Student: 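Quick one: this structure, given as structure tokens, is what I'll be asking you about.
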Amino acid sequence: MIKVLFFAGLRERLACDSLELAGEGVETLDGVRHKLGQQSAEWAAALADERLQMALNQELACADAAVKDGDEVAFFPPVTGG
Amino acid sequence: MIKVLFFAGLRERLACDSLELAGEGVETLDGVRHKLGQQSAEWAAALADERLQMALNQELACADAAVKDGDEVAFFPPVTGG
Amino acid sequence: MAAEISVSVQVQGFDPGAEYTGLRSGNTADGATAMFVGNVRDFSPAAAGQHKEVGVLELEHYPGMAESALTQIAERAAARWPLGRIRIIHRYGRLAAGDEIVFVGTTSAHRQASLDACSFIMDFLKSRAPFWKRELDSDGGSGDWVEARSSDEDALKKW
Amino acid sequence: MAAEISVSVQVQGFDPGAEYTGLRSGNTADGATAMFVGNVRDFSPAAAGQHKEVGVLELEHYPGMAESALTQIAERAAARWPLGRIRIIHRYGRLAAGDEIVFVGTTSAHRQASLDACSFIMDFLKSRAPFWKRELDSDGGSGDWVEARSSDEDALKKW
């Protein structure tokens with residue numbers, strides 16, 4: 001399984017903090033995003049936002065980063081700390 | 001009269017904190033420097049140091065700045081505060 | 001000469017004076033200390049012109065990643081400048097106008113290194129550390145998320 | 001929107017924590033505070049490689065001009081960046097290793113403005129404010145005057 005986390009505005013829009021996703025057929029962060037988008041049009045739209053940032057095992061990562069079983073993935077809007 | 005101050009290493013080399021100089025024939029900061037240099041070879045040498053900075057009425061100034069009676073002039077080595 | 005790095009992600013406030021003391025304690029090799037403190041402002045930068053009052057800010061963060069992101073930014077700074085100590089604190093949770101949000105402190109033998117590193121850390125923290133601000137409404141309800149500014153992303157280009 | 005400028009040239013020490021409090025007090029318009037503190041190091045930068053111990057430093061200054069030079073530098077910074085408050089303290093007299101020499105603090109609505117102004121003020125202070133350092137010998141006798149560094153003059157070119 002792949003653990004998926006959502007933060008801030010995206011978390012609210014999806015009404016979901018985190019979920020577990022079966023890793024079959026998912027090879028990259030973009031693959032995770034596509035699989036999640038199949039849940040509904042709302043999820044597809046929310047995850048299609050080009051400004052979304054992605055993290056893989058708590059490090060910022062690109063859409064083509066390889067994902068494997070046991071990984072922790074996160075999607076979130078551009079950060080606004082500091 | 002023109003009040004002339006010396007600071008730091010220059011003050012020590014000249015063994016002089018300050019003096020009063022008659023303003024006759026002195027038109028610029030460089031003129032003050034030349035007139036002071038006439039006191040002795042040691043003064044001439046100390047004041048010939050090209051790195052010396054000059055102030056006129058407590059503002060950094062260039063050698064050609066005009067000097068008049070009642071002004072306060074200062075000569076000192078490059079500053080090293082901070 | 002690895003820099004000493006200390007990172008805290010916390011709910012509670014901090015005392016910049018005490019942080020200064022910590023950066024200096026037993027540290028006479030470094031003559032330069034640069035510090036930056038970010039506080040909650042009383043108006044929203046997004047509301048250009050119209051000074052919208054901000055009563056309370058809520059900061060969400062990604063636990064675990066927030067600490068490691070800040071540590072990595074500090075390590076990048078330490079690799080680039082000759083730093084003695086680096087201290088970063090970032091708060092999360094609810095904050096009122098005037099409250100401290102973030103502290104960055106750096107020490108070095110060279111003043112420009114300490115100031116540049118402080119600026120570098122703040123720039124990367126703004127665009128790379130997983131924190132999100134929301135302005136709560138005056139009635140305490142959930143307000144709008146603060147939008148990221150392109151000027152913050154642009155600020156990274158100078159490094 | 002003239003910045004509030006406060007300059008002190010003094011023998012006595014100062015408390016950076018108290019200075020931070022002064023910069024922030026009643027100041028919720030500015031979300032950014034940048035500070036720089038210079039301390040007496042335990043070795044001489046002139047003695048490259050060979051760590052010459054410095055016990056005591058003596059700082060001479062030009063009374064009157066020192067205050068006005070620092071005020072002018074602060075005014076130049078205020079004309080260039082949108083600053084709320086500027087605080088500069090420079091000590092003179094005898095200082096021991098670890099003692100604070102100089103404090104520069106700036107506040108702004110913009111973090112980069114506060115950090116750049118702090119760096120600008122330190123650069124101009126180093127090359128334009130009339131202070132001179134002398135390293136006293138360990139037996140308390142008059143030691144050598146610190147030589148000005150060309151790197152300090154060069155630092156002005158970026159502004």
Side-chain angles (χ1 to χ4, degrees), chain A residues 1-21 23 26 28-33 36 42-43 45-82, chain C residues 9 36-41 44-46 57-73 88-93 95 100-104 118-119 121-135 142-153 155-156:
Chain A
M1 299 297 275
I2 295 162
K3 185 175 183 184
V4 186
L5 306 174
F6 306 102
F7 290 96
L10 180 64
R11 173 179 57 72
E12 290 192 325
R13 186 167 172 189
L14 300 178
C16 179
D17 286 16
S18 69
L19 55 78
E20 299 271 329
L21 184 75
V26 171
T28 64
L29 280 179
D30 218 33
V32 173
R33 170 147 69 166
L36 291 169
E42 170 60 12
W43 279 60
L47 291 164
D49 186 338
E50 288 198 347
R51 295 166 307 168
L52 280 189
Q53 296 187 326
M54 291 169 266
L56 175 60
N57 297 324
Q58 307 198 350
E59 298 230 21
L60 287 175
C62 298
D64 60 359
V67 172
K68 62 181 191 309
D69 211 52
D71 280 347
E72 178 176 307
V73 166
F75 296 93
F76 43 79
V79 303
T80 56
Chain C
V9 176
F36 179 86
V37 184
N39 297 71
V40 180
R41 289 200 265 178
S44 161
L57 211 61
E58 186 161 49
L59 264 148
E60 179 169 333
H61 78 301
Y62 183 170
M65 181 176 166
E67 289 83 350
S68 66
L70 294 179
T71 302
Q72 280 173 31
I73 292 167
I88 305 178
I89 308 173
H90 204 302
R91 294 175 69 186
Y92 63 93
L95 301 173
E100 282 83 13
I101 305 172
V102 62
F103 177 90
V104 174
C118 198
S119 181
I121 290 169
M122 277 305 304
D123 280 350
F124 276 83
L125 183 158
K126 278 267 178 188
S127 293
R128 296 288 183 268
F131 293 89
W132 300 270
K133 283 197 191 94
R134 184 216 303 261
E135 294 167 2
S142 297
D144 295 333
W145 292 97
V146 172
E147 287 281 316
R149 286 179 295 174
S150 58
S151 61
D152 284 331
E153 188 65 31
L156 300 187

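Computed from a predicted structure; not experimentally measured. Numbers restart at 1 for each chain; the letters A, B, ... are given by sequence-line order, proteins then strands.
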Student: What is the minimum heavy-atom distance between A:Thr80 and C:Val146, and which atoms define it?
Tutor: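 In this case the closest contact between A:Thr80 and C:Val146 is CG2-O, 3.3 Å.
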
Student: With a 4.5 Å cut-off on heavy-atom pairs, point out which of C:Ala66, C:Gly64, C:Gly38 contacts chain A the most.
Tutor: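 Highest number of heavy-atom pairs under 4.5 Å: C:Gly64.
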
Student: Which region of C:Gln72, side chain (C-beta onward) or backbone (N, CA, C, O), has a non-hydrogen atom less than 4.5 Å from a non-hydrogen atom of chain A, or is it both or neither?
Tutor: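 Side chain only.
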
Student: Would you mind reporting whether A:Glu12 and C:Glu60 have side-chain heavy atoms less than 4.5 Å apart?
Tutor: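 Contact flag for C:Glu60/A:Glu12 side chains = no.
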
Student: Looking at every non-hydrogen atom in both residues, tell me the closest pair between C:Ala148 and A:Val79 and how far apart they are.
Tutor: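 Heavy atoms only, the tightest pair is CB-O, 4.0 Å.
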
Student: CD of A:Gln53 to OG of C:Ser127: how many Å apart, nearest 0.5 Å?
Tutor: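 Rounded to the nearest 0.5 Å, the CD-OG separation comes out at 8.0 Å.
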
Student: Using a cut-off of under 4.5 Å for heavy-atom pairs, which of A:Ala8, A:Gly9, A:Pro78 has the most such pairs with chain C?
Tutor: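 The residue among A:Ala8, A:Gly9, A:Pro78 with the greatest pair count is A:Ala8.
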
Student: Where the side chain of C:Trp132 meets the backbone of A:Phe7, is there a donor-acceptor pair that is under 3.5 Å apart?
Tutor: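 It does not hold such a pair.
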
Student: Looking only at heavy atoms, which two atoms of C:Ser68 and A:Gln58 are closest? And how far apart?
Tutor: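 Minimum heavy-atom contact is OG-O, 3.7 Å.
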
Student: Taking non-hydrogen atoms and a cut-off under 4.5 angstrom, which of residues 59-72 of chain A neighbour chain C?
Tutor: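 So far as heavy atoms go, A:Glu59, A:Leu60, A:Glu72 are the residues that approach chain C to under 4.5 Å.
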
Student: What residues form a salt bridge (charged side-chain N to carboxylate O under 4.0 Å, His left out) with C:Arg128, not counting sequence neighbours?
Tutor: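 Only C:Glu153 meet the salt bridge (charged side-chain N to carboxylate O under 4.0 Å, His left out) criterion with C:Arg128.
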
Student: Heavy-atom distance under 4.5 Å to chain A: side chain of C:Ala129, backbone, both or neither?
Tutor: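 Contact with chain A is through the backbone of C:Ala129 alone.
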
